[in-house]
Structures are given as structure tokens and as C-alpha cells.
Colleague: 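Please see the structure below; I have some questions.
If you read the sequence from its start, that first residue is 1, and numbering goes on from there. One-based numbering, in listed order, for ligands and for the atoms of each.
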Amino acid sequence: MNKNKIENAKKLLRSGELVIFPTETVYGLGANANDKNAVKKIYNIKKRPAYNPIICHFANIEEVKKNFHLNKLEELLAKKLWPGPITLILKKRNNSKISKLVSNNSAYVGCRIPNNQIALQLLKNLYFPLAAPSANFSERTSVTRFEDLEKKLIKKIFTIKGEQSKLGLESTVIKVKKNNIELLRLGSITANDILKVASKSKIKFITNSKISPGNLKKHYATKKKIRINVKKIKDDEGLINFGKNNLRSKIINLNLSKKGNLKEASKNLFHFLHKLDKSKCKKIAIAPIPKIELGLTINDRIKRASKK
Ligand code: TXA
Ligand code: MG
């Protein structure tokens, strides 16, 4: 693996600089979460509004527990689903050094342990969590492949290249309320996956933008206009298809999953959006995608991406 690169990245992070690194969901733009000046740099470079909090990434559960108190259900979810694409909103301990900037002054901070070897190596022996949003400009499409990263970002920020993100959709964000769970952002872990672990709990979907500020209506946007649930393709549109059907673009045809597999589709989605943005088509058309399991997350992303 990129051993030297990871050591260099750690040095930069320790001196308050930013680093772009791969995770199993999307690339992250990381900074020392305890250093308010470093965290400020993230908001500035992403042009991200301060009210939209940032997820903290940890090397292991012990590091999480130094900063947060976990109740029984939180501990169960953490043990079963980490490392992995689930973000738990946890309450900070009074002695935590995590900057208030990551959570817009709230004591409730989003936490996760990523399931990616480079990310885990980077976090190991760092002795502070990494505040890391997705490595894209605010409102723009997240990135799952090195080649899709904004040139303006990688010119300025030290970047560790990884394989294509295994999952391709961001983490699912949840908050435990006593014995039940509020789901704030749909993601790579489905509600059913969570219920398999928390079998006695109920899940309430709260994906409005007041409680989960990241759920802004416009998000994940491409430069080109997107139409979703299309039945016919227009002459100037490139197509992102799903499964087998008669849809066809005259310019460019991509298929998220010919077999109709939602996992495969999730992995391909953001890369295909970037690809069509760079291609010859004027606009982007996306075929209907089943609104079940991971398809719910895919539909959430393309719906927001299609907002003007
Ligand atoms: O998979 C992921 O989660 C990726 C990788 C890099 O870990 N990160 C990511 O970060 O998607 P970002 O900043 O693009 O999205 C974070 C989401 C936002 O919707 C934000 O509002 C929500 O998590 N969030 C973070 N902290 C929160 C908090 N304390 N309370 C409520 N929502 C929070
Ligand atoms: Mg994001």
C-alpha cells in the first residue's frame, strides 16, 4: 500500500493541513477534528455552510468512547456495523477535544469508522479523529474514483489515491432515541440491515433538512441538467440505464446494472454522473430505479441531483 504517502498525509494532518483520502463509500476531505482552524479550512474550501455539520472518522471504538458516551443500543450498532457505512450521531463527553465547529456548536456529533484499508491506516495512531465530509464542492456530485476528483481540489490538497469505492453511496446517518432509531440520511446501509442488528427497535425516517441539514434539496448536482424516471430519451440526452429495457440514447449509453442489481448500481452511480458530465451529451436522462432497499438511496441522490 501507499505507506510513504500515508505517513506524509499524517504529518500534514498533524500540522493542521487537509488531506483527501478514499473510503468504502466516497472520497473524504479530512482535517484534525480537534483543531478548529483545520476544520475551518474544510468549510472554506468546500464553500460549505457552517450549519451543515461534518462527520468525524475514528480508528476504533475505543477512540470513539474517549469522546462520547454510548448507550446500549448505540454500542450494539457500533460493534455490529463498524467498520462500515453507518454514521451514529452521538453526544460528546464534556472533556472531548473535538471542535464545536464540526457540529455547528451542538454536542451531538456524527461518528463513523470507515471500512477501507487506506482510511484505517491513516487513522491509526493519529490520536485525533478526522473530520471529513465528501471530497467535492458543496452541492456537487460525490466522488468514488480518483479521476473524478475536482482538479481544483487535488491541485491544492494532498491526495491519497485508492481503488474505486466499494460501495459508492455515502454512509447512512442515524440517531438513537432511547430504544428507537431516527434515520436522518439514507445511505449504503439499508433500514432492513439496521433492523437485523436492532431487532427490537423501530426506525423513523426523518430526512427533512431542518434536523439533518445535509439533506438540502439541491445536492449531488451535476453541471448538466438531469431528468429522472424517463420513459423516452431525447436526442440531446445521454442515458444512465438500469436493467434490461428498450431505452436508448443516440449519444452515450451507460447501464448501472444490466442484471438489475442495486448494489452494483450503487457502486456505479456517482462515477457515471461524472462520466456523463464530461461526455458529449447536453443533458442526462436516468431510467426508473426500483424504490426498494438500496434503490431508495439511489432515488434520493438522483432526485436531489435533478433539482434546479
Ligand atoms: O460516507 C460518508 O458519510 C462520507 C465519507 C467521507 O465518510 N462523508 C459524507 O460527509 O458524506 P458529508 O459531509 O458529505 O455528509 C454528512 C452528512 C450530512 O448530511 C450532515 O448533515 C450529516 O451527515 N451530519 C453530520 N453530522 C451531523 C450531526 N451532528 N447532526 C445531524 N446530521 C449530521
Ligand atoms: Mg457530501
Colleague: What's the separation between atom NZ in Lys232 and atom NZ in Lys234, rounded to the nearest 0.5 Å?
Modeller: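 Lys232 NZ to Lys234 NZ: 10.5 Å, rounded to 0.5 Å.
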Colleague: Find all atoms of ligand 1 within a distance of less than 4.0 Å from any non-hydrogen atom belonging to Gly28, and give their numbers and elements.
Modeller: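 Contacts of ligand 1 toward Gly28, numbered from 1: 6 (C).
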Colleague: For Arg112 and Thr23, test the side chains for any donor-to-acceptor distance below 3.5 angstrom and give the result as yes or no.
Modeller: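 Their side chains do contain a donor-acceptor pair, which is all the 3.5 Å distance test asks for.
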Colleague: Suppose the cut-off is 2.8 Å; how many protein N/O/S atoms fall inside it around the Mg ion (ligand 2)?
Modeller: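 The number of such protein atoms is 1.
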Colleague: Do the numbers put Lys47 on top of the ring of Phe137, so that NZ or CZ is under 6.0 Å from the six-membered ring centre and no more than 45° off the axis?
Modeller: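 Verdict for Phe137: a cation-pi partner in Lys47.
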Colleague: At a 4.0 Å threshold, what atoms of ligand 1 neighbour a non-hydrogen atom of Val173?
Modeller: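 What qualifies from ligand 1 is 23 (O).
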Colleague: Can the positive tip of Lys5 be found less than 6.0 Å from the middle of the six-membered ring of Phe158, inside 45° of the ring normal?
Modeller: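 Checked: cation-pi criterion met.
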Colleague: Could you tell me whether a side-chain N or O of Thr141 sits under 3.5 Å from a main-chain N or O of Phe270, the two making a donor and an acceptor?
Modeller: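 Not at all, since once roles are kept as given, no pair shorter than 3.5 Å links the two residues.
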Colleague: I'd like to know if the side chain of His57 and the backbone of Ile113 have a donor-acceptor N/O pair within less than 3.5 Å.
Modeller: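 Judged by distance alone, no pair lies under 3.5 Å.
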Colleague: For Glu170, counting its heavy atoms only, list the atoms of ligand 1 lying under 4.0 Å from any of them.
Modeller: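 Matching atoms, with element in brackets: 1 (O), 2 (C), 11 (O).
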Colleague: Tyr108 to ligand 1: N or O pair under 3.5 Å?
Modeller: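 Between Tyr108 and ligand 1, an N or O pair is found under 3.5 Å apart.
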Colleague: Heavy-atom contacts under 4.0 Å between Val109 and ligand 1: side chain, backbone, both, or neither?
Modeller: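 For Val109, only backbone atoms sit under 4.0 Å from ligand 1.
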Colleague: What are the atoms of ligand 1, with element, lying closer than 4.0 Å to any heavy atom of Val26?
Modeller: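 By the 4.0 Å cutoff, the relevant atoms are 4 (C), 6 (C).
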Colleague: If we count only N and O atoms by modelled type, under 3.5 Å, do the side chains of Arg301 and Ser142 hold a donor and an acceptor together?
Modeller: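 There is no such pair between these side chains.
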Colleague: Polar-atom distance check: Lys46 versus ligand 1, any N or O pair below 3.5 Å?
Modeller: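 Between Lys46 and ligand 1, no N or O pair is found under 3.5 Å apart.
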Colleague: In a check of salt bridge (charged side-chain N to carboxylate O under 4.0 Å, His left out) between Glu17 and each of Lys41, Lys156, Lys11, which one passes?
Modeller: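 The salt bridge (charged side-chain N to carboxylate O under 4.0 Å, His left out) with Glu17 is passed solely by Lys41 among Lys41, Lys156, Lys11.
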Colleague: Which of the numbered atoms in ligand 1 are under 4.0 angstrom from any heavy atom belonging to Pro133?
Modeller: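 Result: 10 (O), 12 (P), 13 (O).
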Colleague: Below 4.0 angstrom, N of the basic side chain to O of the carboxylate: do Lys250 and Asp235 qualify?
Modeller: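 Asp235 and Lys250: salt-bridged.
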Colleague: Only heavy atoms count here, so choose which of Ser171, Cys56, Gly30, Pro53 is nearest to atom 33 (C) of ligand 1.
Modeller: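 Going through Ser171, Cys56, Gly30, Pro53 one by one, Pro53 has the nearest heavy atom to atom 33 (C) of ligand 1.
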Colleague: I need the atoms of ligand 1 closer than 4.0 Å to a non-hydrogen atom of Gly110, numbered in the order shown.
Modeller: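 Going through ligand 1 atom by atom, the ones under 4.0 Å from Gly110 are 26 (N), 29 (N).
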Colleague: Any atoms of ligand 1 less than 4.0 Å from a non-hydrogen atom of Thr25? List them with their elements.
Modeller: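 Here the atoms of ligand 1 in question are 1 (O), 2 (C), 4 (C), 5 (C).
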Colleague: Test your reading of the model: is there a side-chain donor-acceptor pair from Ser103 to the backbone of Pro53, 3.5 Å cut-off?
Modeller: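 No; zero donor-acceptor contacts below 3.5 Å.
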Colleague: For ligand 1, is there an N or O atom under 3.5 Å from any N or O atom of Tyr27?
Modeller: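 Looking only at distances, the answer is no, because the N/O contact criterion of under 3.5 Å is not met.
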Colleague: Distance from Ser99 atom OG to Ile54 atom CD1, nearest 0.5 Å?
Modeller: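 If I round to the nearest 0.5 Å, the distance is 9.0 Å.
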Colleague: Regarding Lys175 and the six-membered ring of Tyr108, is the cationic atom NZ or CZ under 6.0 Å from the ring centre and inside 45° of its axis?
Modeller: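 The answer is yes; both the distance and angle limits are met.
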Colleague: Ignoring angles and geometry beyond distance, decide whether Thr87 reaches within less than 3.5 Å of ligand 1 through its nitrogen or oxygen atoms.
Modeller: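 For ligand 1, there is no N or O atom that lies under 3.5 Å from one belonging to Thr87.
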Colleague: Check ligand 1 against His57 and write out every atom of the ligand that is under 4.0 Å from a heavy-atom position of the residue.
Modeller: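 Matching atoms, with element in brackets: 5 (C), 6 (C), 7 (O).
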Colleague: Quick test of your reading of the model: are Glu147 and Arg145 salt-bridged, counting only N-O distances below 4.0 Å?
Modeller: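 Salt bridge between Glu147 and Arg145, a charged N being under 4.0 Å from a carboxylate O: yes.
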Colleague: Would you mind telling me if ligand 1 is within reach of the side chain of Arg48, the backbone, both or neither, using heavy atoms under 4.0 Å?
Modeller: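 The answer is the side chain.
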Colleague: Hey, are Arg227 and Glu237 close enough for a salt bridge, meaning a charged N less than 4.0 Å from a carboxylate O?
Modeller: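 A salt bridge is present here (some side-chain N lies under 4.0 Å from a carboxylate O).
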Colleague: N/O to N/O below 3.5 Å, does that happen between Arg112 and ligand 1?
Modeller: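 Checking ligand 1 against Arg112, an N or O pair does fall under 3.5 Å apart.
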Colleague: Would you kindly specify which portion of Arg185 sits under 4.0 Å from ligand 1, judged on non-hydrogen atoms: side chain, backbone, both or neither?
Modeller: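 It is the side chain that touches ligand 1; the backbone stays farther off.
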Colleague: Taking only non-hydrogen atoms of Lys175, do any sit less than 4.0 angstrom from ligand 1?
Modeller: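 Checking ligand 1 against Lys175, which is what was asked, there is no heavy-atom contact under 4.0 Å.
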Colleague: Nearest 0.5 Å, please: how far is CD in Glu63 from CZ in Phe58?
Modeller: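 It comes to 8.0 Å.
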